[in-house]
Amino acid sequence: MAVATSAMIVLQPSHAEAQWGSNQPYMQSALNSLLAAKSSLQKGATNKGGHRVNALSLVSQAIVEVQAGMATAN
């Protein structure tokens, strides 16, 4: 169940994140790419032997890390 919980991260960047992006274009680009990847993974129909679920969890963790990095840099 931990995977399902970690997959509940919101896909839309917050207002603060949008402001961070103006100062951090590479981090914002990475965040946008991760959000797109998460969306694609969520649309996957099958588990792929557990790999899709694992990838979704790792992408969700990466989103949190990028957001934390952006917040720290401001």
Side-chain angles (χ1 to χ4, degrees):
M1 287 296 167
V3 173
T5 303
S6 66
M8 298 301 292
I9 297 172
V10 178
L11 288 178
Q12 295 296 326
S14 69
H15 178 68
E17 290 167 346
Q19 289 178 330
W20 299 338
S22 64
N23 297 331
Q24 302 180 56
Y26 296 113
M27 291 292 275
Q28 186 62 51
S29 177
L31 181 59
N32 292 342
S33 296
L34 288 165
L35 292 170
K38 182 175 179 176
S39 178
S40 294
L41 286 166
Q42 287 175 323
K43 293 174 186 173
T46 61
N47 192 8
K48 310 292 186 200
H51 297 289
R52 185 184 66 86
V53 171
N54 191 42
L56 184 56
S57 176
L58 292 169
V59 167
S60 294
Q61 289 176 37
I63 289 169
V64 170
E65 291 300 323
V66 170
Q67 291 169 330
M70 291 174 80
T72 300
N74 284 321

**Student:** To the nearest 0.5 Å, what is the distance between OG on S33 and CD on Q28?
**Tutor:** 10.0 Å

**Student:** Could you check if a side-chain atom of Q42 sits within less than 4.5 angstrom of a side-chain atom of K38, using non-hydrogen atoms only?
**Tutor:**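 Yes, side chains in contact.
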
**Student:** Of the non-hydrogen atoms in R52 and G44, which two are nearest, and what is the gap between them?
**Tutor:** CZ-O, 3.6 Å

**Student:** Output the distance between atom CD (E65) and atom OG1 (T72), rounded to the nearest 0.5 Å.
**Tutor:**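 Result: 9.5 Å between the selected atoms.
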
**Student:** To the closest 0.5 Å, what do you measure between CD1 (I63) and CG (N32)?
**Tutor:** 10.0 Å

**Student:** Determine whether Q67 and L31 make a side-chain contact, defined as any pair of heavy atoms from C-beta on separated by less than 4.5 Å.
**Tutor:** yes

**Student:** OG of S40 to CG of L35: how many Å apart, nearest 0.5 Å?
**Tutor:** 11.0 Å

**Student:** If you round to the nearest 0.5 Å, how far is CE of M70 from CE of M27?
**Tutor:** 6.5 Å

